[in-house]
Amino acid sequence: ETGAPTEALTASVTVGGQTWSLQPISPVELVRMAHELLGGSEIFLRKYPQARGVFYPEPGKARIGLHPELGRDYEQFARTLAHEVGHLVDFLPEETLKRGNILGRIASLRDYLKSTINALPTNPSKALSPQDRRAIRRAAEAKVGPKPAQDAQADLAAWQAAVSEEYARLIQDEMDARQLIGKERVREELLAVSTWWRPFDPQRTGESYARYRESSKELYADAVAVLLNSPGSLQARAPTFFESFLAYLERKPEVRAAYQ
């Protein structure tokens, strides 16, 4: 895989009333950060047949392995280590990668499968429940008007299309009112970031590799890798993820301390 053009852009963002000035992290600092988050475990070298690096999510003894050939390529070393640190960040603090979807990874939740989450950490969550969605669906149907008879195919299709459009509008209005972000918006941002950062051709690499690359676990690790190497690039290309990741970083105190 050929990486994206070299960028090392800074970023400035206000989180919880505090302004952060984010700088690219040098490889030396990345090693320090990894050692700190690993709790003293060593980063070891291993000649993997295909991978440049591997994260081992073992509770109490998480480790990172890197291919020794990375020592010949300073830039690729930084990219690979940052990606494995991304998995480590995801793993902490509960020592699990079973987060559910990408929103569960952002908010450090376990087995989270809802399609919305609060833009800022709150308790209890204001995410849309199935009951909320059913109520909004009924409101959309009422707004459009009576449902045509089943045998009026053209009218029924037009009614369903109108309801779907109104439902989407009402959902977005409710998300904005509750200050929520949606899974699909975040996922689309990160798919674009990941493809830019680590380009690949699904036609050539095959369906199984595409599924692996597009999994929430890999998208999250790629996003963190971009954040550590070029925070300004992540801010520009995935603003929703960028802001929510930093907002929820309070749930990962050891990561926040190591990053700042």
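Residue indices begin at 1 and follow the sequence shown.
We find the CG-CD1 distance between Leu190 and Ile106 to be 7.0 Å, quoted to the nearest 0.5 Å. With rounding to the nearest 0.5 angstrom, the CD1 atom of Ile117 is 14.0 Å from the CD atom of Gln179. Between Met33 atom CE and Leu88 atom CG the span is 8.0 Å, to the nearest 0.5 Å. Remark: Ser115 OG to Ile171 CD1 distance equals 7.5 Å, nearest 0.5 Å. Atom CG of residue Leu227 and atom OG of residue Ser233 lie 10.5 Å apart, to the nearest 0.5 angstrom. Here CD of Gln23 is found 9.5 Å from OG of Ser12. Values are rounded to the nearest 0.5 Å.
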* Would Phe245 and Leu234 count as a side chain to side chain contact (heavy atoms under 4.5 Å, CB included) if you check the C-alpha gap in whole Å, the side-chain angles of each, and the deciding distance to 0.1 Å? -> CA-CA 11 Å; Phe245 173 86; Leu234 186 66; over 6 Å; no
* Stepwise, does the side chain to side chain contact (heavy atoms under 4.5 Å, CB included) test hold for Tyr220 with Val89? -> CA-CA 9 Å; Tyr220 183 94; Val89 168; 3.5 Å; yes
* **Working for side chain to side chain contact (heavy atoms under 4.5 Å, CB included), residues Glu188 and Leu191** => CA-CA 5 Å; Glu188 289 303 318; Leu191 283 170; 4.0 Å; yes
* To do: Take His87 and Glu218 through the test side chain to side chain contact (heavy atoms under 4.5 Å, CB included) and record every step on the way to the result.
  => CA-CA 8 Å; His87 286 308; Glu218 287 302 305; 3.1 Å; yes
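Here the side chains of Thr205 and Tyr212 are not in contact, with every heavy-atom distance at 4.5 Å or above. Side chains of Arg32 and Ile25 form no contact here, defined as non-hydrogen atoms less than 4.5 Å apart. Side chains of Lys47 and His67 form a contact here, defined as non-hydrogen atoms less than 4.5 Å apart. A 4.5 Å side-chain heavy-atom check between Phe77 and Leu30 finds every atom pair outside the cut-off. Side chains of Leu38 and Ile43 form a contact here, defined as non-hydrogen atoms less than 4.5 Å apart. Contact check for Asp222 versus Val193: no side-chain heavy atoms found under the 4.5 Å cut-off. A 4.5 Å side-chain heavy-atom check between Lys183 and Lys114 finds every atom pair outside the cut-off. With a 4.5 Å cut-off on side-chain heavy atoms, Tyr259 and Leu228 count as touching.
Between Arg187 and Glu184 no salt bridge is recorded (no basic side-chain N to carboxylate O distance below 4.0 Å). Salt-bridge formation is detected for the pair Glu58/Arg63: a Lys NZ or Arg NE/NH1/NH2 atom is positioned less than 4.0 Å from an Asp or Glu carboxylate oxygen. By the 4.0 Å N-to-carboxylate-O rule, Glu165 lies too far from Arg169 to be salt-bridged with it. A salt bridge links Arg137 with Glu141: at least one charged nitrogen is closer than 4.0 Å to a carboxylate oxygen.
Judged by distance alone, with hydrogens and angles left aside, the side-chain atoms of Arg213 form a donor-acceptor pair with the main-chain N or O of Arg198 at under 3.5 Å. A distance-only check finds no donor-acceptor pair linking the side chain of Glu95 to the backbone of Leu92 [under 3.5 Å]. Listed for the Asn118 side chain is no donor-acceptor partner under 3.5 Å among the backbone atoms of Pro121. Judged by distance alone, with hydrogens and angles left aside, the side-chain atoms of Ser164 form a donor-acceptor pair with the main-chain N or O of Gln160 at under 3.5 Å. With Glu189 contributing its side chain and Thr240 its backbone, the two residues share a donor-acceptor pair below 3.5 Å. A side-chain donor-acceptor contact under 3.5 Å links Arg178 to the backbone of Lys126.
Linking ILVMFWY side-chain heavy atoms closer than 4.5 Å, directly or via other members, places Trp20 and Val226 in a single hydrophobic cluster. Note: the hydrophobic cluster containing Val13 does not contain Leu120 (ILVMFWY, side chain heavy atoms under 4.5 Å, direct or indirect links). The hydrophobic clustering, which links ILVMFWY residues whose side-chain heavy atoms are closer than 4.5 Å, places Val31 and Val85 together. Both Leu97 and Leu249 sit in one connected hydrophobic cluster of ILVMFWY residues. Membership requires side-chain heavy atoms under 4.5 Å apart, directly or through other members. By the criterion of side-chain heavy atoms lying less than 4.5 angstrom apart, applied directly or through intervening Ile, Leu, Val, Met, Phe, Trp or Tyr residues, Tyr48 is not grouped with Leu45; the two fall into different hydrophobic clusters.
Between Ser41 and His35, the shortest heavy-atom contact is O-ND1, 3.4 Å. Residues Gln76 and Leu70 share a closest heavy-atom pair of CG-CD2, 3.7 Å. Annotation for Leu81 and Ala34: closest pair CD1-CB, 4.4 Å, computed over non-hydrogen atoms. Nearest heavy-atom pair across Lys252 and Asp90 is NZ-O, 3.6 Å. Residues Phe241 and Ala223 come closest through the heavy atom pair CE2-CB, 3.5 Å. What you find for Ala127 and Asp132 is that their closest heavy atoms are O-OD2, 4.0 Å.
Using cut-offs of 30° and 60° for the angle between ring planes, the Tyr56 and Phe44 rings count as tilted.
Applying the 6.0 Å contact sphere to NZ of Lys217 captures no more than 12 heavy atoms from other residues, nucleotides or ligands. Gln18 CD: more than 12 foreign heavy atoms inside a 6.0 Å radius.
For the salt bridge (Lys or Arg N to Asp or Glu O under 4.0 Å) with Glu94, the qualifying choice from Arg110, Arg99, Arg105 is Arg99, the only one to do so.
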